[in-house]
Amino acid sequence: MQKTVHIIGAGISGLSAAVRLANAGYRVQIHEATQQTGGRCRSYFDAATNLTIDNGNHLLLSANHHALAYARSIGTEAGLVGPKVAQFPFVDFTTGQRWLLDLGDSRLPLWVLDDERRVPDTGLLDYLALAPLVWASTSRKVGDVVSCKGTLYDRLVQPLLLAALNVDPPEGSAGLAGAIVRETLLAGGQACRPLIARDGLSAVLVEPAIKLLQGKGADIQLGHELREFVISADRVTGLTFGADDHIDMAQGDAVVMAVPPRAAATLLPGLKTPTKFRAIVNAHFRFDPPPGAPPILGVVGGLVEWLFAFPQRLSVTISNGDRLVDMPREELANAIWQDVCKAAGVTGDLPPWQIVRERRATFEATPEQNALRPGAVTSCKNLFLAGDWTDTGLPATIEGSVRSGDRAADLVLAMR
Ligand SMILES: Cc1cc2nc3c(=O)[nH]c(=O)nc-3n(C[C@H](O)[C@H](O)[C@H](O)COP(=O)(O)OP(=O)(O)OC[C@H]3O[C@@H](n4cnc5c(N)ncnc54)[C@H](O)[C@@H]3O)c2cc1C
């Protein structure tokens, strides 16, 4: 008889597990609490800008092999687009300098040997001084392992680690930072090509997965929040969604719980999870990017950290954004627009805008919070965890989400 797997949560972790299991012949049932799929990685129509926007600008890198394999499995790898080589234009507001960080397309970080391709005003020794980060322990802070000052830090290490860890880098987990450095900078330009979901996160990473799953007979229920597990001995035997809404599970059926940490800890009392989170702020402006605007521009010394150019829209990302979550929206939009004008070389009054503040965008990637991340296995033999906050070895990223979903799916398959 065909076995059923219940996926709780339709974010990227849950969807990646679902796709893998549906492809392996499982009957998949997805239960999503909200009315939309995609979780923290989704698009929606925004009336203020009259555009479909993403909740946040999401950047993938060519090193994100699990994420790319997931996109391939749902037929949308071509929707992740970026330049052919790993080049990142930067502007420094403090000095007015602009440069192109050219990581090339090698499998080795040969660019650090070339004065023309390195960050301006840095030397080889600056890069070698980052070596202790590469294999640093997760229990140490970045600031305890490498120096967090100087030109290379300000112009490359800080922007990269702030974006990856979503905390001020010195307080971040050196082990997580090391994983990022190993998988990206150290792996050469081939691993660092920036990739963006050209037609929106939902169109590229979410809706095609739903379509594929439905084509395989999966049942996807929105507004279906799991309230309780029924557990007998060491197995989940039932799922309770409401007073009259209960599902009994058959022998051999399994559950992948792919919900955020707070929900997971409520559903599974005693589960250790991260408890602290950080915000990410995104601002979207309806404004045609100037001709030749790069798809992504790094900004040093500004309020804005990364500027993205989309058709009809300029968008910015500000990580570790807790200091901005209570700022009046219009004031924040104006302040960000000033930076956008400076960075993009445009002028004009504030165009139609939208600010999206995701208060719990990611768990806090500090050693303390990282130590609270559980693995995929639980005390129930047929219940597995997925989520960017589980112990993936990476900070909270799409790549980590897909890895966790793949791992949970593999554990379900191993039950057979
Ligand atoms: C603004 C922003 C910018 C980001 N930028 C990047 C980036 O540039 N690059 C990158 O790689 N990553 C980025 N991330 C991180 C990335 O979005 C996440 O790592 C990823 O989306 C997490 O997916 P998930 O499936 O683990 O969790 P979630 O997306 O949180 O999914 C969990 C799902 O479970 C559902 N749920 C909760 N409780 C229940 C319940 N009881 N029953 C049923 N369903 C339930 C939720 O509604 C949700 O849909 C960003 C995140 C944000 C917010």
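Positions are given from 1 along the sequence. All ligand and atom numbering here is 1-based and tracks the order in the structure. Scope of the values below: all heavy atoms of this structure, side chains included, with no hydrogens, waters or symmetry mates.
Ranking the protein heavy atoms by distance from atom 10 (C) of ligand 1 puts Ile398 N, 3.5 Å first. Atom 37 (C) of ligand 1 has its closest protein heavy atom at Pro260 CD, 3.4 Å. The nearest heavy-atom contact from the protein to atom 42 (N) of ligand 1 is Leu226 N, 3.0 Å. For atom 23 (O) of ligand 1, the nearest non-hydrogen atom of the protein is Ser401 OG, 3.4 Å. Looking only at heavy atoms of the protein, atom 9 (N) of ligand 1 is closest to Leu59 O, 3.0 Å. The nearest protein atom to atom 2 (C) of ligand 1, hydrogens excluded, is given as Ile280 CD1, 3.7 Å; this is a heavy-atom distance. Looking at atom 26 (O) of ligand 1, its nearest protein heavy atom turns out to be Ser13 OG, 2.6 Å. Of all protein heavy atoms, the one closest to atom 39 (C) of ligand 1 is Val259 CG1, 3.5 Å.
Checking Ala396, Ser16, Gly387 against atom 15 (C) of ligand 1, the nearest heavy atom belongs to Ala396. Across the listed options His224, Arg262, His58, His58 owns the non-hydrogen atom lying nearest to atom 6 (C) of ligand 1. Across Glu32, Arg227, His6, Gln35, heavy-atom proximity to atom 46 (C) of ligand 1 is greatest for Glu32.
Contacts with ligand 1 closer than 4.0 Å are made by backbone heavy atoms (N, CA, C, O) of Asn57 only, the side chain lying farther away.
Side-chain atoms of Arg20 and Asn23 include no donor-acceptor pair closer than 3.5 Å. Judged purely by distance below 3.5 Å, without hydrogens or angles, the side chains of Arg227 and Thr240 never pair a donor atom with an acceptor atom. For the residue pair Ser315 and Arg313, a side-chain donor N or O sits within less than 3.5 Å of a side-chain acceptor on the partner.
Counting the atoms of ligand 1 from 1 in the order shown, those under 4.0 Å from a heavy atom of Thr397 are 10 (C), 11 (O), 12 (N), 19 (O). Ligand 1 places these atoms under 4.0 Å from at least one heavy atom of Ala263: 38 (N).
Under the 6.0 Å distance and 45° angle rule, Arg118 does not count as a cation-pi partner of Trp99.
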*Can you check side-chain hydrogen bond (donor to acceptor under 3.5 Å, both in side chains) on Asp168 and Asn320, steps first, answer last?*
CA-CA 7 Å; Asp168 191 23; Asn320 193 22; 5.3 Å; no
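Contact annotation: Val356 has no heavy atom less than 4.0 Å from any atom of ligand 1. Not a single heavy atom of Thr362 sits closer than 4.0 Å to an atom of ligand 1.
Not less than 6.0 angstrom separates the ring centroid of Trp389 from the ring centroid of Phe277.
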